[in-house]
Trainee: 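Dropping a structure here in structure tokens format, bear with me for questions.
Scope of the values below: all heavy atoms of this structure, side chains included, with no hydrogens, waters or symmetry mates.
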Amino acid sequence: MGAIVQLTAQHVHEAVGQEPTAARPASPGSAGTGSAHTVAQLRAQLERVQGRRLDAPVLPVHPALASLLPGGGLRPGAAYSLPRSTSVLLALLAQPSQAGSWCGVIGMPRLGAEAAEGLGVDLSRLVLIPDPGARWLAVTSTVAEVLPVVAVRPSGRAADGEVSRLAARLRDRGAVLLVQGPWPQAEAVIEVGEPAWEGVGRGHGYLSGREVTLTSSSRRWPRSRRARVMLPDAAGHVSAVPERMRPVESLHPTASASSSLDVSLGHRIRAVG
């Protein structure tokens with residue numbers, strides 16, 4: 001099992017050397033030409049269709065979760081609203097950490113290292129800040145300065161101005177924010193439901209996996225998307241649930257079967273008569 005870096009809120013601020021400040025507003029530029037405006041409109045349309053910025057590659061996620069995210073991954077500079085499910089969070093952190101991205105988890109003192117490693121998180125690239133205190137938003141903004149993926153469980157409501165400043169910080173640094181709970185202007189909102197455990201027989205047996213339905217809604221899609229996944233599966237990992245084939249039942253007998261039945265009944269009637 002790899003080692004986890006665990007920090008306090010004081011360590012975070014001392015490492016950076018100052019409190020997080022608001023991002024500077026961009027200086028107004030000169031008005032673009034008509035052709036530049038047309039190119040910008042086409043670019044925006046392509047980004048809406050593809051679900052991602054054309055110049056910003058997404059961070060990878062497990063293939064079973066890719067269809068739930070615009071662009072098939074975690075977009076740098078974006079925030080995502082997640083359910084209060086540790087399994088969903090760890091499943092999203094697994095691939096980025098394996099690909100070399102450092103991940104920070106804030107405000108989740110009960111997050112287990114064994115569970116994180118079981119779902120594929122590289123513990124050597126995981127930083128835990130279990131108790132950020134009342135200034136959890138300031139700690140989150142500071143951590144987003146240095147880590148590409150930050151997960152947080154808010155301990156209170158944040159003011160609109162603070163949320164806007166954090167959003168600007170994410171865009172400036174290209175960091176991904178995963179929030180356990182509602183979050184304004186989220187790139188996607190993921191919900192979990194319809195859980196079903198496998199491995200239990202008629203009142204006895206060992207639990208071998210949990211099957212859930214993940215639903216994702218995004219402003220980039222006209223309709224929400226759903227995926228049925230094992231979280232975890234028998235090996236303790238995340239995996240897609242294969243589509244079950246339903247047997248096709250014929251509602252009416254075929255013509256040949258119907259004619260043979262009529263012939264058989266005719267012979268019987270003549271034999272009796």
Side-chain angles (χ1 to χ4, degrees), residues 1-16 59-66 68-69 73-74 76 79-155 175-181 183 190 192 195 197-199 206-212 214 229-240:
M1 182 180 294
I4 298 179
V5 179
Q6 183 164 314
L7 303 176
T8 65
Q10 181 179 1
H11 290 154
V12 173
H13 290 311
E14 288 177 352
V16 176
L59 297 180
V61 296
H62 193 280
L65 307 176
L68 299 171
L69 302 172
L74 298 172
Y80 297 83
S81 176
L82 309 180
R84 290 212 167 195
S85 168
T86 303
S87 299
V88 173
L89 173 64
L90 296 177
L92 289 172
L93 293 179
Q95 292 288 334
S97 67
Q98 292 176 16
S101 297
W102 280 78
C103 303
V105 179
I106 302 170
M108 305 180 200
R110 296 185 179 180
L111 189 144
E114 185 176 356
E117 190 174 41
L119 282 170
V121 177
D122 186 348
L123 299 185
S124 65
R125 292 187 175 89
L126 182 63
V127 178
L128 296 182
I129 307 175
D131 185 14
R135 300 171 62 248
W136 62 270
L137 190 62
V139 173
T140 301
S141 183
T142 303
V143 173
E145 286 275 352
V146 292
L147 299 186
V149 183
V150 182
V152 61
R153 176 177 289 180
S155 58
V176 174
L177 179 65
L178 305 176
V179 183
Q180 283 196 336
W183 194 254
I190 299 178
V192 61
W197 285 95
E198 292 188 354
Y206 294 97
L207 296 174
S208 60
R210 185 183 65 154
E211 186 176 323
V212 297
L214 298 180
V229 300
M230 295 296 301
L231 193 63
D233 58 16
H237 305 151
V238 57
S239 61

Trainee: Can you tell me how far the CG atom of L123 sits from the CD atom of E117, to the nearest 0.5 Å?
Mentor: 4.5 Å

Trainee: With P132, which of V139, L137, T142 fulfils side-chain contact (heavy atoms from CB on, under 4.5 Å)?
Mentor: V139

Trainee: Got a donor-acceptor contact below 3.5 angstrom from the H62 side chain to the V238 backbone?
Mentor: yes

Trainee: Could you tell me which non-hydrogen atom of G120 sits nearest to which non-hydrogen atom of S97, and how far apart they are?
Mentor: O-OG, 4.1 Å

Trainee: Counting C-beta onward and ignoring hydrogens, is there a side-chain heavy-atom pair between V152 and V143 closer than 4.5 Å?
Mentor: no

Trainee: With a 4.5 Å heavy-atom cut-off, do V212 and L214 have their side chains touching?
Mentor: yes

Trainee: Locate the shortest heavy-atom distance separating S101 from P148; write the atom from each residue and the value.
Mentor: CB-CG, 3.8 Å

Trainee: With the side chain counted from C-beta on, respond yes when V176 and Y80 share a heavy-atom pair under 4.5 Å apart, and no when they do not.
Mentor: yes

Trainee: So, the side chain of E211 versus the backbone of L231: is there a donor-acceptor pair under 3.5 Å, distance only?
Mentor: no

Trainee: Kindly determine whether V105 and V150 satisfy side chain to side chain contact (heavy atoms under 4.5 Å, CB included), including the steps that lead there.
Mentor: CA-CA 6 Å; V105 179; V150 182; over 6 Å; no

Trainee: State, yes or no, whether a side-chain contact exists between L69 and I190 at a heavy-atom distance under 4.5 Å.
Mentor: yes

Trainee: Carefully, step by step, assess M230 and H237 under the rule side chain to side chain contact (heavy atoms under 4.5 Å, CB included).
Mentor: CA-CA 8 Å; M230 295 296 301; H237 305 151; over 6 Å; no

Trainee: To the closest 0.5 Å, what do you measure between CD (Q95) and CG (L119)?
Mentor: 11.5 Å

Trainee: Is there side-chain contact between T140 and I129, with at least one heavy-atom pair below 4.5 Å?
Mentor: no

Trainee: To the nearest 0.5 Å, what is the distance between CZ (R84) and CZ (R153)?
Mentor: 5.0 Å

Trainee: Check whether any side-chain heavy atom of L68 lies under 4.5 Å from a side-chain heavy atom of V61, and answer yes or no.
Mentor: no

Trainee: Using atom types as modelled and distance alone, determine if a side-chain donor or acceptor of S141 lies under 3.5 Å from a backbone N or O of A138.
Mentor: no

Trainee: Is there a side chain to side chain contact (heavy atoms under 4.5 Å, CB included) between L93 and L178 once you walk through the steps?
Mentor: CA-CA 9 Å; L93 293 179; L178 305 176; 3.7 Å; yes

Trainee: Indicate the atoms forming the closest heavy-atom contact of S239 with A64, along with that distance.
Mentor: C-CB, 4.0 Å

Trainee: Between L126 and C103, is any pair of side-chain heavy atoms under 4.5 Å apart?
Mentor: yes

Trainee: Just so I know, are the side chains of I106 and V127 near enough to count as touching, which here means a heavy-atom distance under 4.5 Å?
Mentor: no

Trainee: What's the verdict on side chain to side chain contact (heavy atoms under 4.5 Å, CB included) for S81 and V179, showing C-alpha distance, side-chain angles and the deciding distance?
Mentor: CA-CA 5 Å; S81 176; V179 183; 5.6 Å; no

